Amino acid sequence: MTRYVAPTEMREALELLQSGNFSIIAGGTDVYPALKDRPVLFDMLDLTNVAGLRGIHKTEEGWRIGATTKWTEIVRAALPASFDGLKAAAREVGSIQIQNAGTVAGNICNASPAADGVPPLLTLKALVEISSLSGKRVVALEKFIEGVRRTCLQPGEIVTAIVIPETGDAARSGFRKLGTRKYLVISTTMVAALIEPDTKGKVADARVAVGSCSPVALRLKELEADLIGTELNASLLADRLKTEHLKSLSPINDVRGSGVYRQEATAEIIRRVLSDCCMRPGT
Ligand SMILES: Cc1cc2nc3c(=O)[nH]c(=O)nc-3n(C[C@H](O)[C@H](O)[C@H](O)COP(=O)(O)OP(=O)(O)OC[C@H]3O[C@@H](n4cnc5c(N)ncnc54)[C@H](O)[C@@H]3O)c2cc1C
């Protein structure tokens with residue numbers, strides 16, 4: 001019979017993980033639907049009650065999003081404008097019920113190409129804190145997700161937090177997702193951007209990430225470089241986008257759209273998100 005355990009201390013969780021055939025669960029919103037009618041061949045280690053894993057805190061390393069922090073907590077937290085993109089993504093994960101149960105860490109660990117949290121976290125240069133009985137290690141999100149449903153997590157490891165290094169006060173960000181309806185929809189494509197202007201109103205730092213158009217969401221680093229120095233103006237930023245900036249993407253044909261449609265839609269969504277970033281934060 002399947003065992004279900006819900007430890008309250010991290011040490012206990014790590015010892016249990018080491019001792020048996022456990023699958024980690026947090027909100028369970030990816031794990032449970034994936035079981036369908038199949039027999040459950042593993043035990044379940046629920047992290048929900050582990051002390052110290054929940055909430056968003058500012059620390060010396062930046063903003064720390066604990067591993068059991070729910071999407072709803074992201075929506076409600078008082079965070080700088082650089083998090084507006086992540087907040088917009090949080091509001092579009094499934095539905096209110098899914099946002100109340102699902103965690104940010106579960107989203108990245110599930111490593112779906114369509115995980116809404118990944119593009120905005122890439123633009124925030126998120127770091128993933130991983131704990132095991134032998135200690136802690138920190139990996140950039142860009143390296144953490146290795147492929148479709150594949151991460152660099154090793155047996156016995158638990159993600160304990162996502163850490164976001166500070167950005168400048170002037171940084172602003174956005175996120176847009178294209179789907180066939182507003183809620184409960186898997187993205188056809190999605191774009192997150194973070195722009196930091198200098199004191200003269202020109203782009204000093206730019207980060208643009210696209211999801212659902214490659215096995216792992218990607219930052220478009222050539223576009224980012226071409227945006228630097230451009231005046232913070234929607235049409236001037238849009239003019240910088242060229243077809244070759246999208247060449248690292250490999251959008252597939254599936255029920256949600258053809259590869260060609262995805263590519264064209266992505267270009268338009270990039271322009272819209274860059275335009276969103278030109279608005280004063282909070283408007
Ligand atoms: C109806 C529905 C709609 C959805 N809509 C969306 C959507 O629009 N966009 C979207 O991106 N997702 C969507 N999802 C997927 C899911 O809700 C999110 O990915 C959510 O963030 C997963 O978090 P969780 O805590 O529920 O993860 P869980 O299901 O608990 O875990 C997911 C995976 O991560 C692992 N894991 C979880 N936490 C840790 C940890 N701390 N350390 C190591 N491994 C860990 C688990 O072992 C499992 O492999 C939807 C799901 C449902 C059921």
Side-chain angles (χ1 to χ4, degrees), residues 4-7 10 13-14 16-18 21-36 40 42-50 52-54 64-75 85-86 88-122 128-132 136-139 141 144-146 148-163 175-190 192 209 211-212 216-217 256:
Y4 168 87
V5 292
M10 182 46 95
L14 290 169
L16 280 162
L17 195 59
Q18 194 84 317
N21 179 28
F22 282 102
S23 178
I24 297 169
I25 60 167
T29 62
D30 276 312
V31 171
Y32 288 122
L35 294 175
K36 296 199 177 109
V40 184
F42 49 82
D43 294 327
M44 293 199 186
L45 176 72
D46 188 341
L47 296 179
T48 308
N49 297 337
V50 175
L53 278 192
R54 191 148 177 192
R64 191 181 165 84
I65 302 173
T68 54
T69 306
K70 313 282 184 187
W71 284 113
T72 301
E73 290 163 73
I74 298 289
V75 172
L86 186 65
R91 286 189 203 95
E92 299 215 28
V93 173
S95 61
I96 302 285
Q97 291 85 346
I98 296 295
Q99 292 155 27
N100 285 341
T103 61
V104 188
N107 193 246
I108 65 163
C109 291
N110 193 53
S112 159
D116 287 337
V118 176
L121 287 169
L122 285 175
V128 184
E129 182 191 272
I130 300 168
S131 298
S132 68
K136 280 190 182 172
R137 63 186 181 112
V138 175
V139 179
L141 178 60
F144 177 78
I145 302 179
E146 295 184 331
V148 177
R149 313 251 174 220
R150 215 177 67 238
T151 69
C152 71
L153 276 179
Q154 298 296 313
E157 290 188 326
I158 292 176
V159 169
T160 36
I162 297 168
V163 179
F175 170 88
R176 285 185 185 233
K177 157 175 171 177
L178 177 70
T180 46
R181 53 177 185 253
K182 183 73 184 153
Y183 290 105
L184 285 169
V185 68
I186 298 174
S187 314
T188 306
T189 178
M190 62 180 131
S212 284
V216 181
R256 284 180 286 282

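All values reported here derive from a predicted model rather than from experimental measurement. Order of listing sets the numbers, starting from 1, for every ligand and every atom in it.
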Original post:
Mind checking what makes side-chain contact (heavy atoms from CB on, under 4.5 Å) contact with Thr151, not counting sequence neighbours?
Top reply: Ala111, Phe144, Leu153
Original post:
For the atom pair OG1 (Thr29) and CD (Gln99), what is the distance rounded to the nearest 0.5 Å?
Top reply: 10.5 Å
Original post:
Can you tell me how far the CG atom of Leu45 sits from the CG atom of Leu16, to the nearest 0.5 Å?
Top reply: 6.0 Å
Original post:
Who are the side chain to side chain donor-acceptor pair (under 3.5 Å) partners of Ser132, not counting sequence neighbours?
Top reply: Ser134
**OP:** Using the test salt bridge (charged side-chain N to carboxylate O under 4.0 Å, His left out), find all partners of Lys36 that sit at least two apart in sequence or belong to another chain.
**Re:** none
Report every pair formed by an N or O atom of ligand 1 and a protein N or O atom separated by less than 3.5 Å, giving atom names and the distance to 0.1 Å.
from, atom 1, to, atom 2, distance (Å)
ligand 1, 5 (N), Gly94, N, 3.2
ligand 1, 8 (O), Glu92, O, 3.4
ligand 1, 8 (O), Gly94, N, 2.9
ligand 1, 8 (O), Asp116, OD2, 3.4
ligand 1, 8 (O), Lys177, NZ, 3.0
ligand 1, 8 (O), Val185, O, 3.4
ligand 1, 9 (N), Asp116, OD2, 2.9
ligand 1, 11 (O), Asn107, ND2, 3.0
ligand 1, 11 (O), Asp116, N, 2.8
ligand 1, 17 (O), Thr29, OG1, 2.7
ligand 1, 19 (O), Asp30, OD2, 2.6
ligand 1, 19 (O), Asn107, ND2, 2.9
ligand 1, 21 (O), Trp71, NE1, 2.9
ligand 1, 21 (O), Thr103, O, 2.7
ligand 1, 23 (O), Thr103, N, 3.2
ligand 1, 23 (O), Thr103, O, 3.3
ligand 1, 25 (O), Gly27, N, 2.7
ligand 1, 25 (O), Thr103, N, 3.0
ligand 1, 25 (O), Thr103, OG1, 2.6
ligand 1, 26 (O), Gly28, N, 3.1
ligand 1, 26 (O), Thr29, N, 2.8
ligand 1, 26 (O), Thr29, OG1, 2.6
ligand 1, 29 (O), Thr29, N, 3.2
ligand 1, 29 (O), Asp30, N, 2.8
ligand 1, 29 (O), Val31, N, 2.9
ligand 1, 30 (O), Ala26, N, 2.7
ligand 1, 30 (O), Gly27, N, 3.3
ligand 1, 30 (O), Gly28, N, 2.8
ligand 1, 41 (N), Val159, O, 2.9
ligand 1, 42 (N), Val159, N, 2.9
ligand 1, 47 (O), Ile24, O, 2.5

**OP:** Would you tell me whether Asp43 and Ser23 have side-chain atoms, one donor and one acceptor, within less than 3.5 Å of each other?
**Re:** no
